[in-house]
Novice: 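My structure is below; once you've seen it, I'll send some questions.
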There are 2 protein chains.
Amino acid sequence: MTLRTLLSAVLAATALAGCATPTLRGSGDLGVVIERAAGSLQVVQQQPPASLARVRGLGDLSHASLVYSRDARYVYVFARDGGLSKVDLLTGTLQARVLQAGNSIGGAISSDGRIVAAQNYSPGGVKLFDADTLTLLADIPAQDAAGQSSRVVGLADLPGNRFAFALFDAGEIWLLDAANPCQPAITRYRGIGRQPYDGLASSDGRYYIAGLFGEDGLALLDTWHLDAGVRRILPAYGQGETRLPVYKMPHLRGWSLAGDYAFFPAIGQSQVLVADSRSWQSVAKVPVYGQPVFVMAEPGGRRVWVNFAFPHNDTVQVIDVPSMQVVHTLKPGRSILHMEFTARGDAVWLSSRDDDKVVVIDTRTLAVRTELPAANPSGIFFSWRAGRMGM
Amino acid sequence: MTLRTLLSAVLAATALAGCATPTLRGSGDLGVVIERAAGSLQVVQQQPPASLARVRGLGDLSHASLVYSRDARYVYVFARDGGLSKVDLLTGTLQARVLQAGNSIGGAISSDGRIVAAQNYSPGGVKLFDADTLTLLADIPAQDAAGQSSRVVGLADLPGNRFAFALFDAGEIWLLDAANPCQPAITRYRGIGRQPYDGLASSDGRYYIAGLFGEDGLALLDTWHLDAGVRRILPAYGQGETRLPVYKMPHLRGWSLAGDYAFFPAIGQSQVLVADSRSWQSVAKVPVYGQPVFVMAEPGGRRVWVNFAFPHNDTVQVIDVPSMQVVHTLKPGRSILHMEFTARGDAVWLSSRDDDKVVVIDTRTLAVRTELPAANPSGIFFSWRAGRMGM
């Protein structure tokens, strides 16, 4: 081997990172589309819309969610089978994967980006991992006062390397301080309500809200005033006494806290509910086409987009916020499961599971900019999430 | 030279930004430090803090500002000499530069990322450029009703490819709709107050606020209700009748609209003012160490950091929001000109102009994590700005 061929080989090798020669690109305009039936994800570019890569071998991606690394290069995918995968978006490769539990439904990343937290159903509890290596740092069983294990839901990151989550079976909210991630400190709030089924942090990480499956109302923790404990808000929110059929229990991550308002799906009824975001008093009930699932405000807060449970999931409606009325009804495809806005709201991407496509809509004109093929797409997650709290 | 040292040298060389093979990296955790005396900028990595490259030849960077491309790969630098430069952060190189005016103090980028807008003093007006090529798309003179040219200030992006700005000499606010960037549409609001000197958009792009140099109070435009016109808020805000010495006229970009409050510097007095962000009624006046310049809320909104005009600019104070009191006083270096938080607030970077350094402080412990050398640093701009409005 001559010196020259040796140098060429070394230079070529250093340019390789997983595949041939990854294109140099900024990661601020990327995204990921979950292809749940195939257990794969697509790496996409937002503008112009394009598919960049497909990554396979991620396990059972039904109900999968993910969070971004702080540099927006990697995503951490939480699969239903308990797998935690780290995917490099720039090379389109699976970097690491650990099977960390038997059944898992989500996770979060610490505010400094160094700790990935996974919430588990079976066995219940939360595990903390090093974001670089996926090395286990801490295993926190979720046990109630009697020592019974609980499923964990609604895990969210808060400022200062803290996390909040709820214990479904125990009816508790826990605050986890990971200043020392190998020995996290736990503060427990007991008796916060029956069967919290999901949780949500406000975009500034101040408030943590848990939805209650076992009774009406929601549980709110103000992390600026921890001594005040958990209080009840929206006491009438829930299934009520009549217990109408609920086609899909809406996620709290389908709520929008935008400007002066909180927008959220009624349970079992064809309404979007609006509350004042300070007082939590009801402001409006907007009649819509079906039972809402995701109620997503545009980044500017001027309009709110809503998708629906079966059998109305071929439809998306747009609510005008000043008038609190539906102003547009769209039929973008069959089984619209998720919606994701670009960071500054010029477009919204919709996943149409049964049409095997992702639809990109210009929010100004409501015209379809383009459609991208995708295999039974569900969640869409853009890389602006890397810089936000409560994701 | 042994084979081993040769290989080491080659690998080290390929890791250098700005040369043959730039390192593959996400752009979500990058930043730029303006070195104003040298007319250069440093490309930095936030975590772990590191300097990646220095880019020169950017003209007069006194009072320079910049915006990010939507993929967070490029920055557009607006120099005082009218130069507009496009810098590639991944390669550490100057990609393009145009001298677009005689005197300029800032700009913005459209919500779809395709249009860069520059505001100019001389000649007055706004120019629109293609974000890819810096080709001129439109030249909008800023003339009052009598045809007199005005200096333009306070240019900010709004949702839907719109921009707002103020005409200092004319006392007007203009709304520019760049749906067709070659033929933008202008809406003029005349008689909004004497000598608007700066402007600010709220983080959702709904409100545009102009500060007034020629009289007290501020001018507010609610872009959801354009027909209602511009109204006056905080009528007592300003220099008042006594006209105390003002060491530095604070930028409106030094205001923070966070949670329920607006935090902003008093003019000519050693106070931080707090108003309710809905009603604009005064809530508190917090006594501080000197005349405040930047009043920056942490991303979580729990604390507000303040720097000061000469002769108090060796000091930074931290206000606790629930108690509205100063809880920490730091002396991080001489001439602290600017502060920038990481996206989720685990650290704040401070530029110390006269100590030729940037100081990285852990917001949780208030300990100095590290210091990086920089030549007379002024503005620090992190890449999370790529995904935000009103930057």
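Here is the naming used below: chain letters follow the sequence lines, and residue numbers restart at 1 for every chain. For the numbers below, each heavy atom of this structure counts, side chains included, while hydrogens, waters and symmetry mates do not.
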Novice: Considering non-hydrogen atoms only, spot the tightest contact between A:Ala343 and B:Gly387 and give its length.
Specialist: CB-O, 3.4 Å
Novice: Check for a donor-acceptor pair, side chain of A:Arg73 on one end and backbone N or O of B:Leu24 on the other, with a separation under 3.5 Å.
Specialist: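 It does hold such a pair.
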Novice: With respect to chain B, which residue among A:Gly345, A:Ala258, A:Pro322 yields the maximal number of heavy-atom pairs within a distance under 4.5 Å?
Specialist: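 Top option by heavy-atom pairs under 4.5 Å: A:Pro322.
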Novice: Can you tell me how far the CG atom of B:Asp260 sits from the CZ atom of A:Arg278, to the nearest 0.5 Å?
Specialist: 4.0 Å
Novice: Nearest 0.5 angstrom please: B:Arg344 CZ to A:Asp112 CG, how far?
Specialist: 8.0 Å
Novice: Closest heavy-atom contact between A:Gly28 and B:Ala72?
Specialist: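 Reported closest heavy-atom pair: CA-CB, 4.2 Å.
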Novice: Working to the nearest 0.5 Å, report the span between CD of B:Gln46 and CZ of A:Arg70.
Specialist: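 Answer rounded to 0.5 Å: 5.5 Å.
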Novice: Between A:Arg206, A:Arg25, A:Gln45, A:His225, which has the largest tally of heavy atom pairs under 4.5 Å with chain B?
Specialist: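 Going by pairs under 4.5 Å, I would pick A:Arg25.
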Novice: How long is the span from the CD atom in B:Gln47 to the CZ atom in A:Arg114, to the nearest 0.5 Å?
Specialist: 4.0 Å
Novice: Among B:Gly259, B:Ala179, B:Ala347, which has the most heavy-atom pairs under 4.5 Å with chain A?
Specialist: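 If we count pairs closer than 4.5 Å to chain A, B:Ala179 comes out on top.
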Novice: Quick check: closest heavy atoms across A:Gly300 and B:Pro159, and the distance to 0.1 Å?
Specialist: CA-CG, 4.3 Å
Novice: Determine the option with the most heavy-atom pairs under 4.5 angstrom with chain B, choosing from A:Asp276, A:Asp362, A:Thr363.
Specialist: A:Asp276
Novice: Which bit of A:Ile109 comes within less than 4.5 Å of chain B, counting heavy atoms only: side chain, backbone, both or neither?
Specialist: both
Novice: Between CG of A:Leu30 and CG of B:Asp71, what distance do you get to the nearest 0.5 Å?
Specialist: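 Separation between the atoms: 8.5 Å.
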Novice: What residue, out of B:Ala386, B:Gly205, B:Pro299, has the most heavy-atom pairs lying under 4.5 Å from chain A?
Specialist: B:Pro299
Novice: Which bit of A:Ser69 comes within less than 4.5 Å of chain B, counting heavy atoms only: side chain, backbone, both or neither?
Specialist: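 Contact with chain B is absent: no heavy atom of A:Ser69 under 4.5 Å.
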Novice: Please report the shortest heavy-atom distance between A:Trp224 and B:Gly301, naming the atom on each side.
Specialist: CH2-O, 3.1 Å
Novice: Report which part of A:Ser383 has an atom under 4.5 Å of a heavy atom belonging to chain B: side chain, backbone, both, or neither.
Specialist: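 When you check distances to chain B, no heavy atom of A:Ser383 falls under 4.5 Å.
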Novice: Just how far is it from atom CZ of B:Arg162 to atom CZ of A:Arg364, taken to the nearest 0.5 Å?
Specialist: 7.5 Å
Novice: Can you tell me which portion of A:Asp157 sits under 4.5 Å from chain B's heavy atoms? Options are side chain, backbone, both or neither.
Specialist: side chain
Novice: Return yes when atom CZ of B:Phe341 has more than 12 non-hydrogen atoms of other residues, nucleotides or ligands closer than 6.0 Å, and no otherwise.
Specialist: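 Counting other residues, nucleotides and ligands, CZ of B:Phe341 exceeds 12 neighbours.
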Novice: Need one label for A:Ser111: side chain, backbone, both or neither, based on atoms under 4.5 Å from any heavy atom in chain B.
Specialist: both
